[in-house]
Number of protein chains: 2
Amino acid sequence: MPGDGGSHGEEDVTALGAPTGAAVLTAVEQSQVDAQWRAANYLAACQIYLMDNPLLTEPLKPEHIKPRLLGHWGTSPGLNFVYAHLNRTIVRRDLRALFVTGPGHGGPALYAHTWLEGSYSEAWPEVSYDEAGLRKLCRQFSFPGGVPSHVAPQVPGSIHEGGELGYSLAHAYGAAFDNPHLLVACVVGDGEAETGPLAASWHSGKFLDPVRDGAVLPILHLNGYKIANPTVLSRISQTELDELLRGYGYAPKYVEGDDPAVLHQVMAAALDVALDEIDGIQVRARSLGHMRDRPRWPMIVLRTPKGWTGPSFVDGKPVEGTWRSHQVPIPDARKNPEHLLQLEEWLRSYRPETLFDSDGRPSDEVTALIPRGGRRMGSSPHANGGLTLRPLNLPRVSAHAVAAVRPGSAVAEPTRVLGRYLRDVFSLNRKAVNFRLFGPDETASNRLDAVFEVTAKTWTEEIEPTDENLAPGGRVMEVLSEHLCQGWLEGYLLSGRHGLFSCYEAFVHIIDSMLNQHVKWLKVHQGIPWRRPVASLNYLLTSHVWRQDHNGFSHQDPGFVDHVANKSAEVVRVYFPPDANTLLHVAEHCLKSRDYVNVIVAGKNDSPVWLDDEEAAVHCARGVGIWDWASTHTEREPDVVLACAGDAPTLEVLAAAKLLRELLPEVAVRVVNVVDLMRLQPAAEHPHGMGDREFDALFTADRPVIFAYHGYPWLIHRLAYRRTNHDNFHVRGYIEHGTTTTPFDMLVRNSMDRFQFVIDVIDRVPGLLARAGIARQRMADAQERHRRWIVEEGEDLPEIREWAWES
Amino acid sequence: MPGDGGSHGEEDVTALGAPTGAAVLTAVEQSQVDAQWRAANYLAACQIYLMDNPLLTEPLKPEHIKPRLLGHWGTSPGLNFVYAHLNRTIVRRDLRALFVTGPGHGGPALYAHTWLEGSYSEAWPEVSYDEAGLRKLCRQFSFPGGVPSHVAPQVPGSIHEGGELGYSLAHAYGAAFDNPHLLVACVVGDGEAETGPLAASWHSGKFLDPVRDGAVLPILHLNGYKIANPTVLSRISQTELDELLRGYGYAPKYVEGDDPAVLHQVMAAALDVALDEIDGIQVRARSLGHMRDRPRWPMIVLRTPKGWTGPSFVDGKPVEGTWRSHQVPIPDARKNPEHLLQLEEWLRSYRPETLFDSDGRPSDEVTALIPRGGRRMGSSPHANGGLTLRPLNLPRVSAHAVAAVRPGSAVAEPTRVLGRYLRDVFSLNRKAVNFRLFGPDETASNRLDAVFEVTAKTWTEEIEPTDENLAPGGRVMEVLSEHLCQGWLEGYLLSGRHGLFSCYEAFVHIIDSMLNQHVKWLKVHQGIPWRRPVASLNYLLTSHVWRQDHNGFSHQDPGFVDHVANKSAEVVRVYFPPDANTLLHVAEHCLKSRDYVNVIVAGKNDSPVWLDDEEAAVHCARGVGIWDWASTHTEREPDVVLACAGDAPTLEVLAAAKLLRELLPEVAVRVVNVVDLMRLQPAAEHPHGMGDREFDALFTADRPVIFAYHGYPWLIHRLAYRRTNHDNFHVRGYIEHGTTTTPFDMLVRNSMDRFQFVIDVIDRVPGLLARAGIARQRMADAQERHRRWIVEEGEDLPEIREWAWES
């Protein structure tokens, strides 16, 4: 805004606490940083354009140019600038640093820099550290059979793809937690900065403990434009921007301009100041052994032109410094000779002959300020988390299992039991400091609060006398943002640690899209030989659709499982433990597993324990099984199969089985419980999938199957439609009939109640209806009695509340 | 933080620009506002606890207490405080105001206030404006068969449920756009303020034009606690908070304390200052006719105790002012006589006998400062958008349709054609100013840029010479936040206007959870007699999975349709127009429709036009149909059905049909195209669903069906598993094999290419394999030739690029 400090010229560079411009780089250093930067810019541009002639040893010809010009130039020079300057700082200070590329579409920059530092050729020897490798590096980029245009798992040193914007800063903080000696530099694009998740992520600094965590250095890169628009943060006044970033808790340093000679000095100085400040914060806190006041962490605001050093004008239109440089600044270079010429001029402007020797290796000047070995950001072990991953010490499940002499003889709150197990996970791994629990303000509400016996919730603000379980060093991360929980956890896992995200079932949809990206990451990661397995991303979905007593319809959505089931079978696993003991065994399995996304859906309310420890272990290992103790006439083929997946459905199915035993003792009922949902898929579709013979043995080839499922019923059809007996599957589930009401009323509204199941059996077992009319009527009457009772009394029928398997 | 101005005492109230405390309320007014507030607080508490005795005409007895105590007290008194003060301001200034309840779980407050003002009884006559009505009001709350605990559609005056936190402010801005005389007051809870979407929403002020839009007054309510934790914004220093809010572009006024007598004055003064500032901004801008500089809009920060005026201690533990007051502050009041007594004491502390007359009607003092008629926030026509909705003037589709003499004779970019149609929608509704286009920076990228001939993108910051199509009054809303686009659009629609959200297909998952909430809202809304139909929420998903040439795997996800298909059939519709002309007809239909969520998936790249205008109209009306011109031997039952849904699948199916015609002319091929995906469902499951007879007529009862589907293949199975011929359905689709590659290579990687379909036909038509071995081998060879070509040449085979239906 006019008159409001909004000018972006160089005269503003020092206006707001930036360094004073006294040269911090010697002339030699500046030349070295600049050479590194030019080499990376050159290679970034080459990757977008060239199939051949990567050193420009001959004049550019059309056949050197790729037929399809793809990739993003605009952000690349800025990324290269930051990377080169970080390299200098790492060398000078011997830092352990990680680079998180918010503008992940700037793949060309990261391929270029990791190749220059040698990390790329070590990871991918076929892209060698010479001219032949350079040719491959260029040709493979965005080329069929080559590498993606983004900072994908193929890029060494990355834990962040950045194709979907918004998560860079959360990932950076996730990596910094419990890594006290790590610096995570995170470039946030000004496009990304408009997203909600990123806007919330700035507050992550309030969850960072300077004693035990590493540091995050956010670098907000204002290059001014998105695909086709200016960005919000690049156009507000400098005053407002500064207020905003200070309001988020940072001390910003400004690096602004377009003259490389000036900017090199300013950037180097800003980095030095920022690193000094971080050092000061950490030394102070660590010498005390605890944080006093939440520190004001430094950050950098880098304002440079989009497509910096690229062509200024193309076809008479301004390109450098505008949104037109976002992707390919000079189009059609293969067929348009003028464009070809302009491209060659542009590429030669980096003076490649001074940057590479005749074998294609970077010159000494280029590599002078590149770190060595594991200090290279492309070779950081923290970016290949499996390298540093230590298995968790897990408590014995039997020490936590609920004693259950007979099915249903004990009652427990499953998540409360799990909470005690997780408490011991914290205790047993206290020294390794490699496990955290994440959740949006719901650890206690989800009844996992036993963990607070041994740890606290991370909190670096003021703590008041009435507060409970807050501490800067707490290992339970609560913030009312599913995005932050997910982003932090992803960063924590990919940098080699373990975690669990507990969430209200309905609201985990908030991170549907983040789940997509993480699954895609893991799928690709699994196929990369040098990437080591990382701990799985574990979800505990509780406060689920059937128990939203306080909240109602907006809190009722079991569809996350459907979303997950669409993703790659190599990665996703879904569990419905029916009671506390099975929950323990499933949790143990998930915490031991690697490279998966595990979704566990479990209740928090008091419910019967069906299986003792040993039975639960066997049942969970099988993933699905017949419960003989609940079945009748087990010596013969059943007349009907009652199947169930989920705790509420299991309870209702068992109640129905008991009713059937009393009402229609001659009917042979088989109860099948499904813990591992993916077992229902064909073996060819999912690694956990059952063969057809096994499936038929459980569900029969021709008997009616009443399937009570926790979520949307059609998921069961979609998993089982190829099975022999599928036409006889009748699935009940949540059909979006919700409101604020009692637990049993929710079941009745969705035809998921015990009475309905008995009716379903009578209606579907051939010949039964004729002789069971009275029983059927009794069930319909019971439903009706419920309907009348509930609106009068406001609570469930006494017979429902007092029901027990054993009576 | 200590010493940093973080104290919350009253002495700070005026520290940061708040009014100076000169009394603005007369003693009478103060007493009236207080009476209104007390009455609302009393009724809020009564709703949580009482089944009977709502006026406390007799001592409280256990049988007056509900058996299940459900609801959220903590936020209610703060909401009531704001509502009462807004009421006074509305009366004094004759404002048109809307109330958006961020903490939507504070349903008791909104039920209370809308009842007090009479809006509730007008909407729901059975809850009358007397003691009987009061009894119902209390009893129905969170009671089976009653009303939900949240600010659901049942609450008059609401456009926002608030069960899922994060969207209040975006909804508020959406309602304010193009409503120049409306004030939207939006309470943002400090819990909600931690979410990403809300954090981004503060920037919405930068997209508000003071000339043509109304005003939003955000009221950040710092009551200090979430479910079990302090909130971030309530614990940072006042300085930091002020910087943050100023950095977001606001001028905050602080209202802080816990003494009602003081706070009434401070709040009244703050509101007066804020309203004066808004008035000043609007008068200035409107007298000029345009905005000069983006104004600094006022906002209020209200810091009051959680559960204010509720019990201070329960069972010896502090409740008021802590998270313990979040839900039910005194538990177990029915069975615990001490608690019952404490409850009665608490309720009587509001002096109900002074608030209601013996008939249960509010006293004159309570109603003195309540607005009348349509000025009541519970009766605002803007909160029942259908009341003010004007149908769009729509251009004639035929004026935009692409001339197509024969199928495939013309080529067009479908979204570009739609862009010209949308341009005319803008023009034709210029006066009504009731249509906007929303999208995250992608209008041009999605090739809808013809709209910029008649309007611009909303932009209130500085505009530089190189910028294009930016203006404060632009009607295209672009911001790199799907959350904001969705939230603004929802607010815009629910307040009675029209819109379209164009989005990259993969990233629309970002708003999965918002979609859930909007569909739930619409489902309930459809069943409420006094809620009038509103315009549908229309999505255009483009830049879809098959055309991510620049971006690759992270940008490839067609699963939003699966997510949508899980939602209530009464609300959701999904369309796959196969070409430009069908896209026009589908768009016209969607823009005319009401109360739905319409998802349109369409490409932006050059592709053949299959149907002329008239044919397209008929095909879209039917939703699915046989394309005789692409089929062979139409006089007899087909040997095989080639079905397709989506533009890329349609092209491949037609290419396969052409290959079959050449290679195996004796095979009778039927081509079926599906535009309206929900037609595949059974008629009983979805209003668009086909009857079995019609389905069988299209897909036959027993012939192989090769179904080429745009998205994840199993969705087709899930929609069609009950059909006669389902066992013969062989569905191809996206199976998560993605990367940066050519369009045709994407198809081959996912077995979605023309050659594969011919192979599928040969493999599945009984007896064909034996005589078509050579043709099959030719197809396999063609796939292999593609594979070799693509990694050598980097572009698709010439025969693919040059393919045409007519040759």
Side-chain angles (χ1 to χ4, degrees), chain A residues 1 67-68 70 142-145 148-149 161 163 191 194-197 199-200 226-229 235 240 243-244 246-247 293 318 322 441 444-445 461-462 466 479-481 483 509-510 512-513 516 520 550 552-554 557 559 566 568 712 714 717-718 721 736 739-741 745 790-791 794-795, chain B residues 1 67-68 70 142-145 148-149 161 163 191 194-197 199-200 226-229 235 240 243-244 246-247 293 318 322 441 444-445 461-462 466 479-481 483 509-510 512-513 516 520 550 552-554 557 559 566 568 712 714 717-718 721 736 739-741 745 790-791 794-795:
Chain A
M1 302 203 338
R68 295 159 68 243
L70 303 172
S142 272
F143 202 84
S149 60
E161 210 264 8
E194 293 177 15
T195 67
K226 296 168 282 194
I227 304 181
N229 281 305
R235 290 283 173 95
E240 241 177 55
E243 283 176 321
L244 182 66
R246 298 186 69 81
D293 301 333
T322 81
D441 191 32
S445 164
E461 302 295 325
E462 224 179 320
T466 49
V479 61
L480 213 163
S481 166
H483 291 114
H509 271 300
I510 290 171
D512 272 5
S513 211
N516 280 353
K520 282 172 187 282
H550 270 273
F553 199 34
S554 67
D557 186 302
N566 263 352
S568 306
Y712 294 111
W714 32 85
H717 291 294
R718 114 91 165 123
Y721 69 85
E736 208 71 20
T739 185
T740 318
T741 190
D745 194 44
I790 197 86
V791 295
E795 59 183 344
Chain B
M1 306 213 328
R68 294 159 69 243
L70 304 172
S142 271
F143 202 84
S149 59
E161 209 264 9
E194 293 178 16
T195 67
K226 295 167 283 193
I227 304 181
N229 281 306
R235 290 284 174 95
E240 240 177 55
E243 283 176 322
L244 183 64
R246 298 187 68 80
D293 300 333
T322 80
D441 190 31
S445 164
E461 302 295 325
E462 222 180 322
T466 49
V479 60
L480 213 162
S481 165
H483 290 114
H509 272 299
I510 290 171
D512 273 5
S513 212
N516 281 353
K520 282 172 187 281
H550 270 275
F553 199 34
S554 67
D557 187 302
N566 263 351
S568 306
Y712 294 111
W714 31 87
H717 290 294
R718 116 115 161 96
Y721 70 85
E736 208 71 19
T739 184
T740 319
T741 191
D745 194 43
I790 196 88
V791 294
E795 59 183 344

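Lettering of chains follows the sequences in order, A, B, ..., and the numbering in each one begins at 1. The basis for the numbers below is simple: all heavy atoms, side chains too, and nothing from hydrogens, waters or symmetry mates.
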Next on the checklist: Can you classify the ring geometry of A/His717 versus B/Tyr721 as parallel (below 30°), tilted (30 to 60°) or perpendicular (above 60°)?
Outcome noted: parallel
Checklist entry - Of all of B/Gly559, B/Pro144, B/Gly163, B/Ala199, which one pairs up most often with chain A through heavy atoms under 4.5 Å apart? => result B/Pro144
Item to check | Max heavy-atom pair count under 4.5 Å with chain A, selected residue of B/Asn516, B/Asp745, B/Thr322 | outcome: B/Asn516
Checklist outcome for this item: CG of B/Leu480 to CD1 of A/Ile227, rounded to nearest 0.5 Å, is 7.0 Å
Checklist entry - Can you tell me how far the CZ atom of A/Phe143 sits from the OG1 atom of B/Thr740, to the nearest 0.5 Å? => result 12.5 Å
Checklist entry - Do side-chain atoms of A/Arg68 reach the backbone of B/Glu795 as a donor and acceptor pair under 3.5 angstrom? => result no
In terms of heavy-atom pairs under 4.5 Å, which option from [options] contacts chain B the most?
{"options": "A/His509, A/Lys520, A/Glu194, A/Lys226", "result": "A/Lys520"}
{"options": "A/Pro67, A/Pro318, A/Pro148", "result": "A/Pro67"}
{"options": "A/Gly191, A/Gly145, A/Ser568", "result": "A/Gly191"}
{"options": "A/Asp557, A/Val479, A/Asp441, A/Thr741", "result": "A/Asp441"}
{"options": "A/Ala444, A/Ser149, A/Ala200", "result": "A/Ser149"}
{"options": "A/Arg246, A/Arg718, A/His483, A/Glu161", "result": "A/Arg718"}

Checklist entry - Where on A/Asn229 is there a heavy atom nearer than 4.5 Å to chain B: the side chain, the backbone, both, or neither? => result both
Checklist entry - Considering only heavy atoms, which portion of A/Tyr712 lies under 4.5 Å from any heavy atom of chain B: side chain, backbone, both, or neither? => result side chain
Checklist entry - With only heavy atoms counted, which part of B/Asn566 is less than 4.5 Å from chain A, the side chain, the backbone, both or neither? => result both
Checklist entry - Is chain A contacted by the side chain of B/Thr739, its backbone, both, or neither, given a heavy-atom distance below 4.5 Å? => result side chain
